[in-house]
Amino acid sequence: MTLSKTKRLLLGLTAVSGVATIYYENNVNRAQNSWTTNYTPSTFAKWDDNWDHRSPKFLQNTKGGKLSESDENKLNEQKEKKPRAFRHIILIRHGQYNLSGGCDSERILTKLGRLQAECTGKRLKELNLPYTEIIKSTMIRAQETGNIISDFLPKLPIENCDLLREGAPVPPEPPIGSWKPENYKFYQDGSRIEAAFRKYFHRADPDQEKDSYTILVCHANVIRYFVCRALQFPAEAWLRLSLNHASITWVSITPSGRCILRVLGDTGHMPPSYITSS
Ligand SMILES: *[C@@H]1O[C@H](CO)[C@@H](O)[C@H](O)[C@H]1NC(C)=O
């Protein structure tokens, strides 16, 4: 009997590593199956193409009844008008802040927090991307962080947004950690943070000509929730991600509405002694 090349390879591997001998007795397909039998495809595995309700394919007759010829042509025209630009969302967590402050206005950046924000401002300037705007959560630590970054990007339009304030997005799974807000917090904050997601995360309009680069200066829970939602991971997984202070997270939304996580919580541009997460 002559062994196929693959079987000889598997035999060789088996001899070297001492793992179970079943591989060379079965045919190659079965051997491969045996590596994957414990894997059941997730019900979440399928990408929802119309997640932002902007897929041209899903444009529908909203008038009810049969369309006139001209309305039908208009609808078909709209379906043909596909987005061409990328939307890049660059999410910055605020810097380290004074946790002893009794209210938001007292929870200001520490000296280290300001240094972290400076590193990140410098980094964004060095990346030299054609930024579109910077939008800051209205909490003081995000405002301060955003102001420091703006000093490095002086011509960039600035906006503020209450929807980006920190909060409790959804009860995390598994429910771990010391972070256990009351259930009503999830009920109140969750829909507000989801509203922020819907506001900023969507494919480009068909008439957007150039790629856009939007900087959002906000908070760890908000960013982690956004990342899970954008990638169509279960939102309850958000607490499994960890983000350093003043870190950079970058999600790109392609013209066809796919979401790509390019960077998560990067602080490689800071000296190690500056890196903190809580
Ligand atoms: C932090 O905030 C508390 C309460 O407002 C204040 O007493 C303390 O001095 C602050 N610490 C620093 C380093 O600013």
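Read the numbers this way: they start at 1 and go in the same order the structure lists the ligands and their atoms. As the structure is a prediction and not an experimental result, all values here were calculated from the model.
Remark: Glu126 engages Lys122 in a salt bridge, criterion side-chain N to carboxylate O under 4.0 Å.
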Apply the test side-chain contact (heavy atoms from CB on, under 4.5 Å) to residues Phe58 and His53: give CA-CA distance (whole Å), side-chain angles for both, the deciding distance (0.1 Å), then the verdict. CA-CA 8 Å; Phe58 288 80; His53 294 250; over 6 Å; no
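Among protein residues, Asn98, Ser100, Gly101, Glu106 come within 4.0 Å of ligand 1, judged on heavy atoms.
To the nearest 0.5 angstrom, Leu129 atom CG is 8.0 Å from His88 atom NE2.
Looking only at distances, a side-chain donor or acceptor of Arg240 sits under 3.5 Å from a matching main-chain atom of Glu173.
Around CD of Glu209, the count of heavy atoms belonging to other residues, nucleotides or ligands within 6.0 Å does not exceed 12.
If you check the side chains of Asp162 and Thr138, you find a donor sitting under 3.5 Å from an acceptor.
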